[in-house]
Protein chains: 2
Amino acid sequence: MARPRQATSTDVARQAGVSQATVSVVLSGVRSNIRVSDATRRRVLAAAADLGYAPHPAARALRQRRSGAIGFLPRPERGLPFEHPIHYLLSIHTARAALDRGYQLVEAGVETDALRGSDALVQFLVNRRVDGVLFDGPRTAAEVRRVVDRGLPAVQILRPRPDVATPTVTVDAAPGIAAAIDHLVGLGHRAIAFLGKSGAAPVDRARLDAFTAATARRGLAIPGDYIRLIAGDYGLEHGRALTRELLALPERPTAIFAASDSLALGAAHALYEAEVRVPAAMSLISYDDTLAPQLYPPLTGVAQPFAAVAERAIALLVDQIERSDGPAAEPERVVLPTRLNVRRSTAPPAAGQASDDVVGGARGGQGARPMA
Amino acid sequence: MARPRQATSTDVARQAGVSQATVSVVLSGVRSNIRVSDATRRRVLAAAADLGYAPHPAARALRQRRSGAIGFLPRPERGLPFEHPIHYLLSIHTARAALDRGYQLVEAGVETDALRGSDALVQFLVNRRVDGVLFDGPRTAAEVRRVVDRGLPAVQILRPRPDVATPTVTVDAAPGIAAAIDHLVGLGHRAIAFLGKSGAAPVDRARLDAFTAATARRGLAIPGDYIRLIAGDYGLEHGRALTRELLALPERPTAIFAASDSLALGAAHALYEAEVRVPAAMSLISYDDTLAPQLYPPLTGVAQPFAAVAERAIALLVDQIERSDGPAAEPERVVLPTRLNVRRSTAPPAAGQASDDVVGGARGGQGARPMA
DNA sequence: ATGAAAGCGCTAACAA
DNA sequence: TTGTTAGCGCTTTCAT
C-alpha cells in the first residue's frame, strides 16, 4: 500500500557509496568496463539490483535527445480489422523487432477523431519525438519527405514510394507465384484463373505479371476472361463478385489464384454458395497467407515473409538512427522472396474437367491481358 | 535537408516577447485563461503556431512525474495471432480509447526473448513508468498486487482476479446467449449442442450456465452428450474434435452453440469435412463474434462489446490516475451485456430432423451436465 | 499579470 | 579511476 518511489540513480549512488555519475557510467555508459574499477562496478551493480533500480526513460530521453521510440505509419485501410490481417502481423512483428533492439514502437494507425489525414499522423509521430519512422505504403511522397527533411531516418516497406530516397524492404511475388503455378500444373490444371486488382501500384501489377510469366513458362494459354481485376481495393465482397463471374463463364476454370487473402476469402464464400467444393471441384490458392491457414479447408497459399520484412526494416532504421554519419549515398533496397505453403485447397481437377478443351487456342502463347 | 531543431517553449517565448514560463502557462497551464491577459495569450498562441511548437513529451513527463502512458497486459495466449482475434480487437480499442484521453498505450504482450513470465512483463511496464496498468485476465493475483502495492492504478477486464480489489469491466454472457437460444428455438430447433471449456474460470462457467438456463427456460431437455467440454484452452482443433464427436452420435443435434469463435471455426471445419451443410443441415452459432462474420456462411454470433469494454476500462483507469484522492473504498464493477447478431449460419432444421424424437426423455427438464 | 528560479533524473564533458 | 558540473525542456511555486 505504500507508494515506494522508484529508486533513482542517486539512491543507488548513496547505497553504493559512489557518485551519481559513476552509477550512470556503470549502468549505461558505453565504456563502463574501461573506466570503472571492478570493485566499484560490483558495488554499484549490487546496489542497483538491491533497490530494483531501472533508469527513468523520460530523463534519459531528455538528456540523450533520443526518445528510444520508433514511429510506425501503417497503410491506410478502411473496414473491419479482420479485413486487414496484414496490419496485425506487421504491427506485432515490428513491435517485437523494435523491442529486441531496445526501441519502443509507436503506431500512428490507431486513428482517433483528433487525427485525420496523413499529415496529422506524421505530425503525431514527430511530436512524440520518435527517432525514426517506418512507413508501410505511404499515401503520398510528401508524407515521407516531411520526415526525411526533418533529418529523421525513414524506411519504407512493402509499397514504397520510389520518388523518395529511403531504404526499402519489399517482397518479390515471383518465386512464390511461380511455385504456385508449378504446383497447379503438376496436379494437372491448365485452366487457371487470376483474381486481382487493377491500377498502377507496382506491387499489384507485379502479382499479375508473375502470374502471367509463370503460366506462359508452363505453356498455358490463359484466356482474357480468366483474368479478373477489380478497380477498388482488395476486399472480401470483390472476391465474391469476381468468382461469381468466373462461375458464370461457359467454360469454368479448374483452379483460382487470388492475389490477396481477402479476395480468396471472398472466392471461398462464392464457391461455398454455389456448392462448388474445394478442392474437389475447384482448387484455390491465395496470396498473403494470413487468414488462409484458418479457412476450411486450409488454403494453399503464397506467403509473404512479414516477420522478416519487419526485422530487416527495423534493422535498417536502427542502423540509420545509431550511425550518425549522414545517410548513405545509395539507400539500401532489400527484397525478400515469397514461398508456397501447400495445404488442402488444391487437388487434381475433377475427371470431367478437361482442361485442354477449356483453354483452347494456341498452346504456349502468352495469356491475354484484359482491359479492366 | 536541414535538421531544423524542434522548437522549444523558449523559442516560442523569444518570438512572442514573453518569458518561457508564460508560454508554459498559456499552452498547458490549467488556469491559463485566468492568469494571462488576452493580448499575451494571443501572441503566444500565434508564435507557437508559427514555429510549429509541440511540447517535448519526455521533458513534460520528467517534470510532471507522469509518463502519460498506460500499460496493457493482455491475456497470455499461445499460438498464431489469428487464433486470438480478441487480442487484436482489445489492443486496437484500448489504444484508441487511451489516445482519446491523451494517453499512450504501452503493451506488454509483444513478448521478446528477454521478457518471459508475467513478473517480467509487469516489471517491464513499471520500468517504463506507466501511470496505470490494464490487465486482461492476469495469470496470477500476485501480478496485479505488485502493481497495486506500488500505488499504481489498475483495472482488470474480462477475466478479473476476484481476490484483488481493483475496478473491473466484465461481460455478461447471459443476455446474448439467451437471445441465441430463443432464436434457435424460434426456428424450430430443440436438439442444441454446446461446445465449451471445462475448468474453474468463472467466465467459461458462465457461458455454460447461461446456455443451461436458457435452454431450460425454453423447456428443452439437453442430453448430457450434447454438452461437450474441452479441458484445454479454446482452440480450433478442439472445436473440430468435439464436433466430430457430435456427428458420431446416434442422434445428431440440429444446432451447435460454440462458446468461442475458435471453437466455432473448428466446428465449421469439421462440418465442412463431413459435408454437413451450414445452415441447411446444421445451424451454428458462435460466441465472441470476431472471426464469425468473415466465415462462409457468416456466422450468427453472440457479440462481446469489446469496444465498450476498452472504453470503460480506460475511463476507470484514467479516473484513478487523475483523481489523486486515494482509491475508492469500493472499486467500481462495470458489467456490459452481450447481444446476438443474426447472420446466415442459422435456419430451421431440415425436414428429416425431428427434434422431438432426438431429444426424448422428459421435456422441460434441466439438461444434464457431463463430467468432463 | 508576468517573470525568475528551482528541479524532475539522467548523461556527458571536463576536472581532479 | 572517480567526482563535479552543466543542462536536456518543461511545470510550478514564489516574487514582483
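Remember, it's a predicted structure, so these values are computed and weren't measured experimentally.
Look at B:Ser37 and you'll find a side-chain N or O under 4.0 angstrom from OP1 or OP2 of C:dT2. OP1 or OP2 of C:dG3 has at least one side-chain nitrogen or oxygen of B:Thr22 nearer than 4.0 Å. Under 4.0 angstrom from either OP1 or OP2 of C:dC10 there lies no side-chain N or O belonging to A:Thr10. Within the structure, a side-chain polar atom (N or O) of A:Ser9 is placed less than 4.0 Å from OP1 or OP2 of C:dC10. One finds a side-chain N or O of A:Ser28 lying less than 4.0 angstrom from the OP1 or OP2 phosphate oxygen of C:dT11.
The terminal axes of the helix from C:dA1-D:dT16 to C:dA16-D:dT1, fitted over 5 pairs per end, subtend an angle of 40° to the nearest 10°.
Legend: salt bridge (charged side-chain N to carboxylate O under 4.0 Å, His left out) pairs involving residues 10-27 of chain B, not counting sequence neighbours, sorted by first then second residue: B:Arg5-B:Asp11, B:Asp11-B:Arg14. Applying the salt bridge (charged side-chain N to carboxylate O under 4.0 Å, His left out) test to every pair with at least one member in residues 135-148 of chain B, sequence neighbours left out, gives these pairs: B:Glu111-B:Arg139, B:Asp119-B:Arg146, B:Arg139-B:Glu143. Sorted by first and then second residue, the side-chain hydrogen bond (donor to acceptor under 3.5 Å, both in side chains) pairs involving residues 90-99 of chain B (not counting sequence neighbours) are B:Ser91-B:Glu107. Applying the side-chain hydrogen bond (donor to acceptor under 3.5 Å, both in side chains) test to every pair with at least one member in residues 53-63 of chain A, sequence neighbours left out, gives no pairs at all.
Remark: B:Arg66 pairs with no residue by the salt bridge (charged side-chain N to carboxylate O under 4.0 Å, His left out) rule, at least two apart or across chains. B:Ala21 pairs by the side chain to side chain contact (heavy atoms under 4.5 Å, CB included) definition with B:Ser19, not counting sequence neighbours. In this view, B:Arg101 and B:Tyr103, B:Ile314, B:Ala315, B:Val318 satisfy the side chain to side chain contact (heavy atoms under 4.5 Å, CB included) rule, not counting sequence neighbours.
Atom CG of B:Leu62 is separated from atom P of D:dC8 by 13 Å (rounded to the nearest Å). Rounded to an integer number of Å, the gap from B:Arg60 CZ to C:dG7 C1' is 17 Å. When the C1' atom of C:dC10 is taken as reference, atom CD of A:Gln6 falls 15 Å away, rounded to whole Å. Between A:Asp11 atom CG and C:dC8 atom P the separation is 11 Å, expressed in whole Å. Spacing between atom CD of A:Gln20 and atom P of C:dC8 amounts to 11 Å, rounded to whole angstrom units. Atom CZ of B:Arg5 and atom P of D:dG9 are 6 Å apart (whole Å). Distance CG (B:Leu27) to P (C:dT2): 14 Å, rounded to an integer number of Å. Atoms CZ (B:Arg42) and C1' (C:dT2) sit 17 Å apart, rounded to a whole Å.
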Working note: B:Gln20 + B:Thr10, criterion side chain to side chain donor-acceptor pair (under 3.5 Å); need CA distance, chi angles, decisive distance, verdict. CA-CA 5 Å; B:Gln20 180 271 329; B:Thr10 308; 5.2 Å; no

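Backbone-only contact: B:Thr8 has heavy atoms under 4.0 Å from sugar-phosphate atoms and none from a base.
DNA chain C lies under 4.0 Å from at least one heavy atom of each of the following residues of residues 63-71 of chain B: B:Arg63, B:Arg65.
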